[in-house]
Amino acid sequence: MMDDKAMNPSLKLLLDTAEEMILERGCRATTLQDIADRSGLTKGAIYHYVKSKDELFAMILQSGMQNTNRLFYESVSRAVGEDAGLQGPLSALSGRMQHMSSTETASSLIFIYLLSQKDKPAVADILKRYQETAIQNSAEWIKVGQEHGVIPAHVDAEKAARLLSIFKNGLQVQQIVSPDGAEMSEEDIFRFMKNALS
């Protein structure tokens with residue numbers, strides 16, 4: 001797990017620089033050489049962490065998922081202490097989902113870019129692992145909610161996790177293909193998730 005606090009400074013610089021450049025130039029126009037030039041890292045240092053640009057992009061997605069996971073468990077800790085039930089953790093997740101679906105985040109741009117490269121076996125594998133990890137995390141979150149009695153026991157954690165993953169992916173695609181369309185608010189996402197888990 002890549003925790004920002006425990007992350008190697010060179011790796012953090014690599015990920016931060018790549019995200020910054022993706023937001024400026026887009027995924028296709030961002031190269032490992034550009035990232036090396038801006039970050040001051042050598043290409044050899046970059047290749048120590050990744051074999052390709054797509055692998056670097058996968059690391060950024062993984063880091064984003066880990067941040068979401070951390071926020072969820074922090075909100076659960078606060079909710080348990082405050083006896084607030086589902087509200088806090090679900091608010092943390094809906095806020096994060098709304099943020100990650102924005103075209104102003106590298107994660108959304110990377111997700112769409114990788115989808116467009118799905119015909120490459122390595123990219124198809126990255127997307128598969130990303131999807132499986134997202135579903136696994138969501139299923140664990142649902143099980144935590146069930147253990148705390150705030151999500152009904154009859155909810156099938158695996159199916160609900162798949163539904164939430166489809167919803168998140170749909171939000172990301174919608175923001176890219178129709179950026180001027182009606183954006184779902186954090187409250188809209190919260191209500192959808194609450195209904196899906198009832």
Side-chain angles (χ1 to χ4, degrees), residues 1-7 15 19 23 58-112 114-115 126-198:
M1 184 179 239
M2 287 186 294
D3 181 1
D4 275 357
K5 295 172 190 168
M7 189 184 299
L15 296 177
E19 284 191 58
L23 290 172
M59 287 181 81
I60 293 169
L61 290 178
Q62 179 184 7
S63 179
M65 281 196 294
Q66 289 169 345
N67 286 335
T68 301
N69 212 29
R70 179 184 49 78
L71 288 171
F72 171 77
Y73 284 106
E74 286 173 0
S75 67
V76 167
S77 295
R78 286 191 302 275
V80 169
E82 300 167 1
D83 197 30
L86 188 61
Q87 181 75 29
L90 204 52
S91 290
L93 290 176
S94 57
R96 184 74 176 154
M97 191 179 289
Q98 202 261 347
H99 169 74
M100 289 182 70
S101 69
S102 167
T103 56
E104 297 175 12
T105 63
S107 292
S108 257
L109 298 175
I110 290 169
F111 178 70
I112 298 301
L114 291 175
L115 282 178
I126 289 168
L127 287 167
K128 182 180 179 189
R129 284 184 283 128
Y130 176 67
Q131 181 74 356
E132 288 171 354
T133 302
I135 291 168
Q136 180 183 357
N137 287 346
S138 295
E140 288 300 317
W141 300 336
I142 293 165
K143 290 173 187 172
V144 167
Q146 290 172 324
E147 289 168 8
H148 287 88
V150 295
I151 295 176
H154 73 271
V155 171
D156 183 318
E158 180 76 18
K159 286 183 182 176
R162 288 187 181 284
L163 176 66
L164 293 176
S165 180
I166 291 167
F167 181 68
K168 179 192 73 68
N169 293 346
L171 285 174
Q172 289 177 295
V173 170
Q174 190 268 332
Q175 288 301 313
I176 297 292
V177 298
S178 182
D180 298 328
E183 184 176 309
M184 290 195 72
S185 70
E186 188 176 326
E187 180 62 30
D188 293 331
I189 295 169
F190 176 87
R191 280 196 304 268
F192 174 82
M193 291 173 66
K194 187 173 182 181
N195 289 338
L197 299 173
S198 297

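Just so it is clear, the structure is predicted and the values come from calculations on it, not from any experiment. The figures here come from the full heavy-atom set of this structure, side chains too, leaving out hydrogens, waters and symmetry mates.
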**Prompt:** In terms of side-chain geometry, is the basic nitrogen of Lys143 or Glu147 positioned less than 4.0 Å from the acidic oxygen of its partner?
**Reply:** no

**Prompt:** Nearest 0.5 Å, what's the CG-CG distance between Leu163 and Leu197?
**Reply:** 8.5 Å

**Request:** Return yes if a side-chain donor-acceptor contact under 3.5 Å exists between Gln62 and Thr133, otherwise no.
**Result:** no

**Fill in**
Nearest heavy-atom approach of Val155 to Gln146 is O-NE2, 2.8 Å

**Separation of Leu109 CG from Glu104 CD (nearest 0.5 Å)** = 10.0 Å

**Asp188 and Ser185 side chains, donor-acceptor separation under 3.5 Å** = yes

**Item:** Close side-chain approach of Leu171 to Ile189, heavy-atom, < 4.5 Å
**Value:** yes

**Fill in**
In this structure, CD of Glu158 is separated from CD of Gln136 (nearest 0.5 Å) by 9.0 Å

**Message:** As a quick check of understanding, evaluate side chain to side chain contact (heavy atoms under 4.5 Å, CB included) for Lys168 and Gln172, giving each step before the final call.
**Reply:** CA-CA 6 Å; Lys168 179 192 73 68; Gln172 289 177 295; 3.1 Å; yes

**Check: Gln131/Asn169 side-chain N/O donor and acceptor closer than 3.5 Å** = yes

**Message:** So Val144 and Tyr73, do their side chains get closer than 4.5 Å, heavy atoms only?
**Reply:** yes

**Message:** Show, in sequence, the C-alpha distance, side-chain angles and deciding distance for Asn69 and Glu140, and conclude whether the side chain to side chain contact (heavy atoms under 4.5 Å, CB included) test is met.
**Reply:** CA-CA 10 Å; Asn69 212 29; Glu140 288 300 317; over 6 Å; no

**Request:** Grab the two heavy atoms, one from Ala92 and one from Leu71, that are nearest each other, plus how far apart they are.
**Result:** CB-O, 4.3 Å

**Check: Ala161 main-chain N/O paired with Ser165 side-chain donor or acceptor under 3.5 Å** = no

**Request:** Start with the C-alpha gap between Gln98 and Phe190, add the side-chain angles, then the distance that decides, and say whether side chain to side chain contact (heavy atoms under 4.5 Å, CB included) holds.
**Result:** CA-CA 9 Å; Gln98 202 261 347; Phe190 176 87; over 6 Å; no

**Asked** Stepwise, does the side chain to side chain contact (heavy atoms under 4.5 Å, CB included) test hold for Met97 with Phe192?
**Response** CA-CA 12 Å; Met97 191 179 289; Phe192 174 82; over 6 Å; no

**Message:** Quick one: does any side-chain atom of Thr68 pair with a main-chain N or O of Gly64 as donor and acceptor, under 3.5 Å?
**Reply:** yes

**Item:** Interatomic distance, Arg162 atom CZ to Asp156 atom CG [nearest 0.5 angstrom]
**Value:** 10.0 Å

**Prompt:** Roughly how far, to the nearest 0.5 Å, is the NZ atom of Lys194 from the CD atom of Glu187?
**Reply:** 9.0 Å

**Request:** Please report the shortest heavy-atom distance between Leu23 and Thr105, naming the atom on each side.
**Result:** CD2-C, 3.6 Å

**Asked** For the residue pair Tyr130 and Phe111, does the interplanar ring angle fall in the parallel (under 30°), tilted (30 to 60°) or perpendicular (over 60°) class?
**Response** tilted

**Asked** Rounded to the nearest 0.5 Å, how far does CG of Leu114 lie from CG of Leu127?
**Response** 5.0 Å

**Ser91 to Glu186 - nearest heavy-atom pair and separation** = O-OE2, 3.6 Å

